[in-house]
Every structure is written in structure tokens, then in C-alpha cells.
Amino acid sequence: MGEIFGMPVQVLMGQLAIGLINGSFYALLSLGLAIIFGLLNVINFAHGAQYMLGAFVAWMLLHYLGIGYWPALLLAPLIVGAIGILMERFMIRKLYHVDHVYGLLLTFGIALILQGLFLNMFGVSGQRYPTPDALRGMVDLGFMFLPIYRGWVIVASLAVCLLTWFIIEKTKLGAYLRAATENPELVRAFGINVPVLITLTYGAGVALAAFAGVMAAPVYQVSPIMGAEIIIVVFAVVVIGGMGSLLGAIVAGFGLGLVEGLTRVFYPEASSVVIFLVMAIVLLLKPSGLFGQAR
Amino acid sequence: MGIELMTDQLLRVENLHARYGESKVLHGLSFSVDRGEVVTLLGRNGAGKTSTLRALMGILPTRDGSILFDGKEIIGLPSNRIARLGMGYVPEERGIFGSLTVAENLVLPPVVRSGAMSLDEIYTLFPNIKERSKSRGTHLSGGEQQMLAMARILRTGAHFLLLDEPTEGLAPIIVHAIADVIKALKARGATILLVEQNFRFASTVADRHYVVEDGRIIDQLANDEIKMNPEKIESYLGIEVEHRRKEASHG
């Protein structure tokens, strides 16, 4: 096997694949955050907890009800999305007329409560979630062996991201959403029930987080702190992509996963901070993010 | 005659009060618009004309008094319900969405009544909109944006149109085109409530005028009166004063 920049191809490709997998989760999570921020103007700090909740709901479905991975992939986002809808309807909505910081604090509080609740019930150590039978094993790509499940994560995440992007950019529902993001008052004066649109949008963003959580369950351990670990990176991704920019969230998600992977090959010591380094540079050069518009 | 009420009121506003947060902007307006009429609200900047439209549309939520629209009390309704009754709003800043294409802007508001203009009719009335249907809404010129904002409401079938300063900042040739559109709409039977500072434009399209000051109606003029006696309306609008103030601020 050959080498690239003095690195064996397998090592490089292996890290790039890991980077893409992490990037899949970054993209799914930052996309949900971007959608929510765009319409609600709320920085949803509960996003990590909702991701964790998605993984735990999948785990509970399996352990208590014997419901497997494939139904869980649909059920967990629906259940967690419904919880999100209740949160929006009865809590977050009350804060739209005050400064954004209150929404951030509320969702941060909710995240801490959820995390504490699960820590209390399940402890710090993670629960194992088996890889579904259909996706076990490895596939030989010629230059490396890729676990099938990891390939599935990349493909499915990309598909869900593109589908979400398509719905928002190319459909009538998406046009309502974009218009309401710009001027909710006027969209409502056209006869659209904007409060319901906002509630459903929050639910959809939360469901995306839960979907990522189910996808993550077989890769990482299902643990109460899994959301807290990833969400800080995801916020950096959102800032780099540009607050509220969907394309920015997707591109920055996958891109920064790759950057992280490459750093792990060439300078492993920096791999955990490289995203924040990029964030600092982007903030200095283009404060609204790579794809963001100043608002 | 005389005993029977001959008017056919589409809108009847009585003692309308409204506020923005703590500050009161409307102090008991009363006026009415008959079916098929074009009526303007004239007045100086800050008199409460735009606030009146926003209160009618339900965008100003803290309002009080009575608004009878098509025989139905709408004072307590949210704006999305009011729109569904056939009230269409073209805001002063036109409200064209930059993240939507021209075509998406055009079909954004749902059709609320039968008898709406078809896309073909709209494209005949506003040929520019068809040519630029793939552009971003905000890439249109000011005049085109105004046309789009009006076309957007016509497609919904709304039979009562609230137009907030449709001629503001536009070239004379566009102002003429907008006057033609308003006349064409009137001929189709639309009822229009127009907010204007440009009373010369208003007098070319309207049947009646109300003068708004400090959140109240202070006078009502038939269109003939305004044409015969422009000094009266000029004094209401403080055009002399306004003119000098503008000069001072430019100088």
C-alpha cells in the first residue's frame, strides 16, 4: 500500500472515515439547531440533551418493549419531537417577547435537568446498543475495511440532511418557513398560523437531534453525558457555518468532521481543539460565519 | 328614501384604540368604507395611518373598540383569521421576502376566497413579474416590488385591500402604473383602503378621504372637495411645514 504525505493510506483513510462519521452527527445536530435558531431566534441549548434522549428512547424501546433499531429510527424522533413540541408550547413560547438570552438559559436549564435525571437513573457508564443485524460486518473498499454500520451512518445522515434542505429550500412548506423566518408578523397577516408553524418547526428540529441520537446509539455508548460532550463542538460548527444557515450547517458539519480526522493523523495532540481554533479564526475574519449573513 | 340605510358597508370601525407596548397610537378612530369604494387615510407622518391598517389587520394585538368587517366583529381575532376573511395587506415596506424567489413570493399567501385573480391575469396586469419569476424577491426594483406586493394579494382573492403608501419613493411613471392598477381593481369590484401622504395621487384614484391626526379622524372629504380646495388638505397635511423641515434636514 502506498503513502500520502508520509502516512499509510489505510491510516489516512481510516481517520477520514471516522471524521466523516463524526461529521455526520455534527451536520445533523447543527442543522436542527440552525432551523430552530432561524425561526425561533432561540439558541436551543437543550439540543444535546434531546440527542441523548433520542438514543435513550431507542435503548428503552429495545430493552423494555423489544422494539428494535429500524422502528426506533422512526419512533424515537417522533416521541422526542413530541416532547419538544410540549416544551415549545408551554415553556419556550413564553420567552419570545424577551431577550434571546432567556430562551438560551431556559433550554440550558432543561438540558441540565434531563441530563441529571438520566445520570441519576443510569449512572455515568454507557449502555450498549447492538448494531442491527442487517448492518453488521465490514465492507472492503479496496484501500480500507469500513464497518457497514458506519457507512450507513454517513449515507443516511447525508440523505436526511439533503432531504431537510430540499424541504426548506424547494417546497411550499419551506417557503412559509423561510418567509416566517424573515417576517413572521406579515406571514401571519397573510393567513398562515405562524405560532403553529413555529411549534412544528421546533418539534422537527428536536426530532432531527433524536434521529442523530438513534444513529449514534450503536456507534458510541448510550450515555447520559453523550449530548453534553458533543453539543459544544456542534455549537462551534454552527458558528463556523453561520448562525441560521442550513447549507452552512451541513457543509461545516461534514467539513469539520474531516478536518478533525485529518488533524488526528498529522497532529493528534490538536485534534480535540482544532474545531475551536477554526471557529476563532472564522469569527475574527468573518463574524457571521462562512455561509451566514450579518443579521 | 331617507329611512332606509342605503349604504352597504364592508368595514365599519368604531372607537378604535390601539397601543404599541406602553404608547397609545390610536385614540378612538371611527370611520367606514362601503363596498366597492376606494377610500384614503390622509395625514402627516406619525398621525396613526399605518397603525390603523395594522390594527385592522390584527397585527397590533392590543386594540379596543369595534371593527365590523363584512358584518363580523373582528376586534378579537388573530391576524391569520382576519386574512382568511378576505382582508389583504400590502405593507408600507412592501414585505417582499429576500429568501424567496419572485414566483414563491407571489404564491406565498394562501387563496382565501373564490374569484381570485388567476396567475395568467396577474401576469397580464404585471408583465414584469413573469419575466423575473426566478429572481430573488429583493432583487427587484422598488416599483417591481410594489407591483409584486399588490399582485401577491390579488392572487388570494381578498376583496378588501389595505394599501400602505404604495407610491412612496417611486418614479412618476410607476406611480401612474399603480394608479392604473388601483382603477382596474376598483372596476373589478374591489374595495380599497389606501394610506397616502401624496394627496395628489390619492385624488386621482379615491372616492373619499379621511384625515387622520393624533390617532383620530378629524375630517372627511369627498374627492371633489379635495380637487376644488387643495389648500384645505395642504394645511391638514402641513405640507408647507414638512417641506421646510425636509429642506432644513438636507441643508
Side-chain angles (χ1 to χ4, degrees), chain A residues 31 34-41 89 93-94 96-99 164-201 241-249 288-289 291-295, chain B residues 20-21 50 53-62 74 77-113 116 134 136-138 148-149 151-158 160-162 164:
Chain A
L31 184 59
I35 293 169
I36 291 171
F37 180 75
L39 191 57
L40 282 75
N41 265 320
R89 184 72 187 71
R93 174 173 296 187
K94 314 244 185 267
Y96 291 147
H97 62 283
V98 291
D99 195 274
T164 308
W165 178 86
F166 180 84
I167 290 172
I168 291 174
E169 292 297 329
K170 300 291 169 197
T171 68
K172 188 68 186 275
L173 179 68
Y176 287 144
L177 216 95
R178 277 175 283 142
T181 297
E182 276 187 57
N183 189 346
E185 212 170 57
L186 185 59
V187 173
R188 193 168 188 194
F190 286 158
I192 311 294
N193 196 332
V194 172
V196 167
L197 188 70
I198 288 175
T199 305
L200 293 178
T201 301
M243 267 307 206
S245 162
L246 306 186
L247 200 61
S288 53
F291 293 81
Q293 284 159 355
R295 46 191 287 163
Chain B
Y20 276 110
T50 295
L53 296 193
R54 289 167 60 86
L56 292 178
M57 203 62 239
I59 297 172
L60 271 185
T62 40
I74 61 167
L77 293 184
S79 59
N80 48 309
R81 297 269 308 279
I82 295 174
R84 298 274 175 177
L85 296 174
M87 201 186 284
Y89 177 49
V90 180
E92 186 178 6
E93 69 284 5
R94 325 216 203 279
I96 300 303
F97 299 101
S99 58
L100 274 64
T101 64
V102 169
E104 282 179 320
N105 266 287
L106 182 59
V107 299
L108 185 81
V111 174
V112 293
R113 277 173 78 95
K134 293 219 163 59
R136 294 268 136 198
T138 40
L148 176 57
R152 182 164 68 178
I153 286 310
L154 299 179
R155 203 199 61 93
T156 67
F160 183 47
L161 311 179
L162 307 178
D164 197 348

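Residue numbering restarts at 1 for every chain, and letters A, B, ... go by the order of the sequence lines. Atoms considered below: every heavy atom in the structure, side chains included; atoms not considered: hydrogens, waters and symmetry mates.
- Heavy atoms of B/Pro110 lying under 4.5 Å from chain A belong to its backbone as well as its side chain.
- At least one donor-acceptor pair closer than 3.5 Å links the side chain of B/Arg84 to the backbone N or O of A/Gly191.
- The residue among B/Ser99, B/Ala158, B/Gly95 with the most heavy atom pairs within less than 4.5 Å of chain A is B/Ser99.
- More than 12 heavy atoms of other residues, nucleotides or ligands lie within 6.0 Å of NZ in A/Lys172, so this atom counts as buried by the packing criterion.
- Looking at B/Ile82, there are no atoms closer than 4.5 Å to chain A (heavy atoms on both sides), in backbone or side chain.
- Heavy atoms of B/Arg81 lying under 4.5 Å from chain A are absent altogether.
- For a residue to count as touching a neighbouring chain, one of its non-hydrogen atoms must lie under 4.5 Å from one of that chain's; by this rule B/Ile96 touches chain A with the backbone only.
- Only the side chain of B/Ile153 comes within less than 4.5 Å of a heavy atom in chain A; its backbone stays farther off.
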Take A/Val187 and B/Phe97 through the side chain to side chain contact (heavy atoms under 4.5 Å, CB included) test and state the conclusion after the steps. CA-CA 10 Å; A/Val187 173; B/Phe97 299 101; 3.6 Å; yes

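- Listed here is the closest heavy atom pair of B/Pro109 and B/Asn105: CD-O, 3.7 Å.
- Annotation for B/Thr156 and B/Ala116: closest pair C-CB, 3.8 Å, computed over non-hydrogen atoms.
- Heavy atoms of A/Leu186 lying under 4.5 Å from chain B belong exclusively to its side chain.
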Check the pair A/Leu39, A/Thr181 against side chain to side chain contact (heavy atoms under 4.5 Å, CB included), reporting the backbone distance first and the verdict last. CA-CA 5 Å; A/Leu39 191 57; A/Thr181 297; 3.6 Å; yes

